[in-house]
Amino acid sequence: MSSESPLLEVRALSKHFARRGGVFGQRKAIFKAVDEVSFSVPRGKTLGLVGESGSGKTTIGKCALRLVEPTAGQILFDGQDITHISGRDLQRRRSDMQMIYQSPAASLNGRMTVGEIIGEPLWLHEKLSGGQRRDRVMELLHVVGLKSEHYYRFPHEFSGGQQQRVGIARALAVKPKLLILDEPTSALDVSVQAQVLNLLHDLQRQFGLSYLFISHDLSVVRYLCDQVALLYLGKVVEIADVETIFTRPKHPYTQALISAIPEPDPDGGREQILLKGDLNLRAPKQGCPFAPRCHAAKLAQCDTVAPPLVEVEPRHQVACHLHPALSSSRL
Ligand code: SF4
């Protein structure tokens, strides 16, 4: 597989859920948690998926891993279409893609020692003997900044940051190519967050890993990501490289999120754009889904036509009527 081709490619991915409605729950309403989302994660790079809680970002991560079955679309991993694979093929691919969860405590089995937790995938996937397993676990403990003496301890004896390191070591045990990081630092103290982010940064360089980094926190995303996709109600509304997103955000939603990042200098002059309401504001049946919260000078079609995601400059796509597609703006 060419090193130029992306490691993970998601094409027009959708995940819909049926919801019961009506007084007797007899009517089924369709909830589009993810709606025709496309992106790719280049080899050795990080794509950030950013949005508020309920924007569909975790569902996308689970669909990519096939923990949740997509309703439509295609998932390609390392050049292979994995959308419909099953059995051994799926199991093999799953060891190439590992997920790190938001709550390290909840993702570790409290009745197992750290040595058993990290060694379990080595037994399941590689059938290593007891001695070989122990050696690999010791190696992994050191890779993530833990010590040999931690091998025999239980998760509750660790801080949140150390627990997350255990989770990362367990994910690395099967030598994955891609880590799906679902808010991996949001449950940690700010000082510990920085340590875990530094560790992830170092591991990426050391092992050439690719990351799909799911977060609601743009300041964390800026540190770790090469590209960023902003999600709103299951749709990508803006996608570009990280510098473009932070210096030239074009979608009103992105602009509002960036304006809310605390500045080191309170007199820095950036004005905060206050978002009206929250994601629970019902999306209109037609037009732009962001319209009820949009602060920008809206156009007549905002309430009638859903804006498509179009390229507004090279490698920068936006879904907003204020920004026409590159080709039409050149006419
Ligand atoms: Fe706001 Fe209209 Fe753009 Fe939607 S399409 S984000 S309502 S300006």
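Since the model is a prediction, treat every value here as computed from it, not as a measurement. Indexing begins at 1, ligand by ligand and atom by atom, following the structure's order.
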Visitor: Between His251 and Phe290, does the ring centroid distance fall short of 6.0 Å?
Guide: yes
Visitor: Is a donor from one side chain sitting under 3.5 angstrom from an acceptor on the other, for Glu183 and His216?
Guide: yes
Visitor: In terms of side-chain geometry, is the basic nitrogen of Arg315 or Asp241 positioned less than 4.0 Å from the acidic oxygen of its partner?
Guide: no
Visitor: Between Arg293 and Glu52, is there a side-chain N and carboxylate O pair less than 4.0 Å apart?
Guide: yes
Visitor: Below 4.0 angstrom from a heavy atom of Ala291, which ligand 1 atoms are there? Numbered from 1 as shown, please.
Guide: 7 (S)
Visitor: Near atom 4 (Fe) of ligand 1, is there an N/O/S atom from His251 that is less than 2.8 Å away?
Guide: no
Visitor: Below 4.0 angstrom, N of the basic side chain to O of the carboxylate: do Glu243 and Arg248 qualify?
Guide: no
Visitor: Determine, for Asp89 against Arg92, whether the closest basic-nitrogen to carboxylate-oxygen distance falls under 4.0 angstrom.
Guide: yes
Visitor: Between the side chains of Glu157 and His150, does any donor sit under 3.5 Å from an acceptor?
Guide: no
Visitor: Which of the numbered atoms in ligand 1 are below 4.0 angstrom from a heavy atom of Phe290?
Guide: 6 (S)
Visitor: Thinking salt bridges, do Lys15 and Glu36 make one under a 4.0 Å N-O criterion?
Guide: no
Visitor: Need the ligand 1 atom indices (1-based, order shown) with element for anything under 4.0 Å from a heavy-atom of His321.
Guide: 3 (Fe), 5 (S)
Visitor: Answer yes or no as to whether an N/O/S atom of Cys294 is found below 2.8 Å from atom 1 (Fe) of ligand 1.
Guide: yes
Visitor: Taking 2.8 Å as the cut-off, does an N/O/S atom of Cys302 lie below it from atom 2 (Fe) of ligand 1?
Guide: yes
Visitor: Of all the atoms in ligand 1, which lie at a distance below 4.0 Å from a heavy atom belonging to Leu322?
Guide: 8 (S)
Visitor: Please identify which atoms of ligand 1 are closer than 4.0 Å to at least one heavy atom of Cys288.
Guide: 4 (Fe), 5 (S), 6 (S), 7 (S)
Visitor: Please report which non-hydrogen protein atom sits nearest to atom 7 (S) of ligand 1, along with the residue it belongs to and the distance in Å to one decimal place.
Guide: Lys298 CD, 3.4 Å
Visitor: How does Pro252 reach ligand 1, by side chain, by backbone, by both or by neither, if only non-hydrogen atoms under 4.0 Å count?
Guide: side chain
Visitor: Please could you name the atoms of ligand 1 that Cys320 approaches to less than 4.0 Å, counting only its heavy atoms?
Guide: 3 (Fe), 5 (S), 6 (S), 8 (S)
